[in-house]
Amino acid sequence: MSPYRAVPAPEVLHEAVFEPLLADSLDQVLHVEQRTYAHPWNRANFIDALHSGYQAQMVTANGQLLGYFVAMKGVDEVHLLNITVAPEYQGQGWARIMLDALAVWARGQGAQWLWLEVRVHNARAIKVYEAHGYRRVGMRKAYYPADRGQREDAIVMSLALEH
Ligand SMILES: CC(C)(COP(=O)(O)OP(=O)(O)OC[C@H]1O[C@@H](n2cnc3c(N)ncnc32)[C@H](O)[C@@H]1OP(=O)(O)O)[C@@H](O)C(=O)NCCC(=O)NCCS
């Protein structure tokens, strides 16, 4: 008998990769979007973003969509318009990885700042952004649609990009 105890095989790690979010991925993206938000983007929102040449990337592993982001380049800033992690993959750090990728891309574009809006009640996203170095710089009143025809304020956050 071998003196060594059997060591369980390590779990096979998902090989996560970034890939461009293209029109032919929209069914999968919309499936996640609709399961994630009470007020999701619709197909036209994504198509408009793609036609406008916005930066749109998704993270996949073994054919599964883990998350995606869409960002718009301005003059000296990049504006994050959508960042979403599929519900079953939340809490695993994917947002941080996407925010890192966004910052790398934005720096490469010569941007000085990253900007975003977030719902005042989205404590989880606010915590993720603050942990990533984003600071609260303003408010937009009644920026988002909310339940029962109401509107929800947005917090504006920004991150200075070091060059
Ligand atoms: C916000 C979002 C992008 C974060 O992505 P994620 O990969 O799940 O992020 P993580 O789970 O790794 O980090 C979440 C952090 O929030 C914390 N958190 C979880 N639920 C929370 C809550 N209800 N309130 C406050 N913090 C919360 C976690 O503890 C974790 O902090 P830690 O890293 O210190 O442990 C993701 O949850 C998501 O897609 N949410 C729905 C869509 C959305 O709100 N997008 C942002 C729009 S501006």
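Residue indices begin at 1 and follow the sequence shown. Both counts, for ligands and for their atoms, begin at 1 and track the order of listing.
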The side chain to side chain contact (heavy atoms under 4.5 Å, CB included) partner of Met58 among Leu22, Thr84, Val70, Leu21 is Leu21
Do Ser25 and Tyr68 have side-chain N/O donor and acceptor atoms under 3.5 Å apart? no
Taking atom 10 (P) of ligand 1 as the point of reference, which of Ala95, Gly91, Pro40 owns the nearest heavy atom? Gly91
Return a yes/no value for Tyr37: is any of its N or O atoms, backbone included, closer than 3.5 angstrom to an N or O of ligand 1? yes
So for ligand 1, is Ile83 a polar contact partner (N or O within less than 3.5 Å, distance only)? yes
May I ask you to check whether Ala123 has an N/O atom sitting below 3.5 Å from an N/O atom of ligand 1? no
Quick one: do Glu88 and Arg35 satisfy salt bridge (charged side-chain N to carboxylate O under 4.0 Å, His left out)? Show the steps, please. CA-CA 10 Å; Glu88 58 274 30; Arg35 287 188 293 124; 3.1 Å; yes
Under 4.0 Å and counting heavy atoms only, is there anything from the protein next to atom 12 (O) of ligand 1? yes
Less than 4.0 angstrom from a charged side-chain N to a carboxylate O is my criterion; do Asp48 and Arg43 meet it? no
Specify whether the nearest protein heavy atom to atom 35 (O) of ligand 1 is under 4.0 angstrom away. no
Should we say atom NE2 of His31 is surrounded by more than 12 heavy atoms from elsewhere, each under 6.0 Å from it? no
Could you say whether the N/O atoms of Val85 and ligand 1 ever approach to under 3.5 Å? yes
With a heavy-atom distance limit of 4.0 Å, tell me whether Arg96 approaches ligand 1 through its side chain, its backbone, both, or neither. neither
Mind checking whether Tyr129 has a heavy atom under 4.0 Å from ligand 1? yes
Among protein heavy atoms, which lies nearest atom 40 (N) of ligand 1, and at what distance? Gln90 NE2, 3.5 Å
Close-contact set for ligand 1 against Thr84 heavy atoms, below 4.0 Å: 39 (O)
Looking only at distances, please establish whether an N/O atom of ligand 1 is found under 3.5 Å from an N/O atom of Gly93. yes
With the threshold set at 4.0 Å, does a side-chain nitrogen-carboxylate oxygen contact exist between Arg135 and Glu130? no
For atom CH2 of Trp105, decide whether the heavy atoms of other residues, nucleotides or ligands shown that lie under 6.0 angstrom number more than 12. yes
As an exercise, identify every atom of ligand 1 less than 4.0 angstrom from a heavy atom of Thr36. 41 (C), 42 (C)
Answer yes or no: is there a side-chain heavy-atom contact under 4.5 Å between Tyr54 and Lys73? no
For atom 28 (C) of ligand 1, which protein heavy atom lies nearest, and how many Å away is it? Lys127 NZ, 4.3 Å
Using the rule salt bridge (charged side-chain N to carboxylate O under 4.0 Å, His left out), only one of Arg119, Lys141, Arg140 pairs with Glu152; which is it? Arg119
Classify the contact between Arg124 and ligand 1 as side chain, backbone, both or neither, using a heavy-atom distance cut-off of under 4.0 Å. both
May I ask you to identify, for Asn82, whether its side chain, its backbone, both or neither come under 4.0 Å of ligand 1 on a heavy-atom basis? neither
Paired with Leu66, the side chain to side chain contact (heavy atoms under 4.5 Å, CB included) test is passed by just one of Thr60, Val59, Ile97, namely Val59
Donor-acceptor pair between His121 and Asp153 side chains, under 3.5 angstrom: no
Any nitrogen or oxygen of Asn122, side chain or backbone, less than 3.5 Å from one on ligand 1? yes
With heavy-atom distances below 4.0 Å as the criterion, list the atoms of ligand 1 near Glu117. 48 (S)
Please check if the side chain of Gln90 supplies one atom and the backbone of Val85 the other of a donor-acceptor pair under 3.5 Å. yes
Give me the residue, atom name and distance of the protein heavy atom closest to atom 15 (C) of ligand 1. Val128 CG2, 3.8 Å
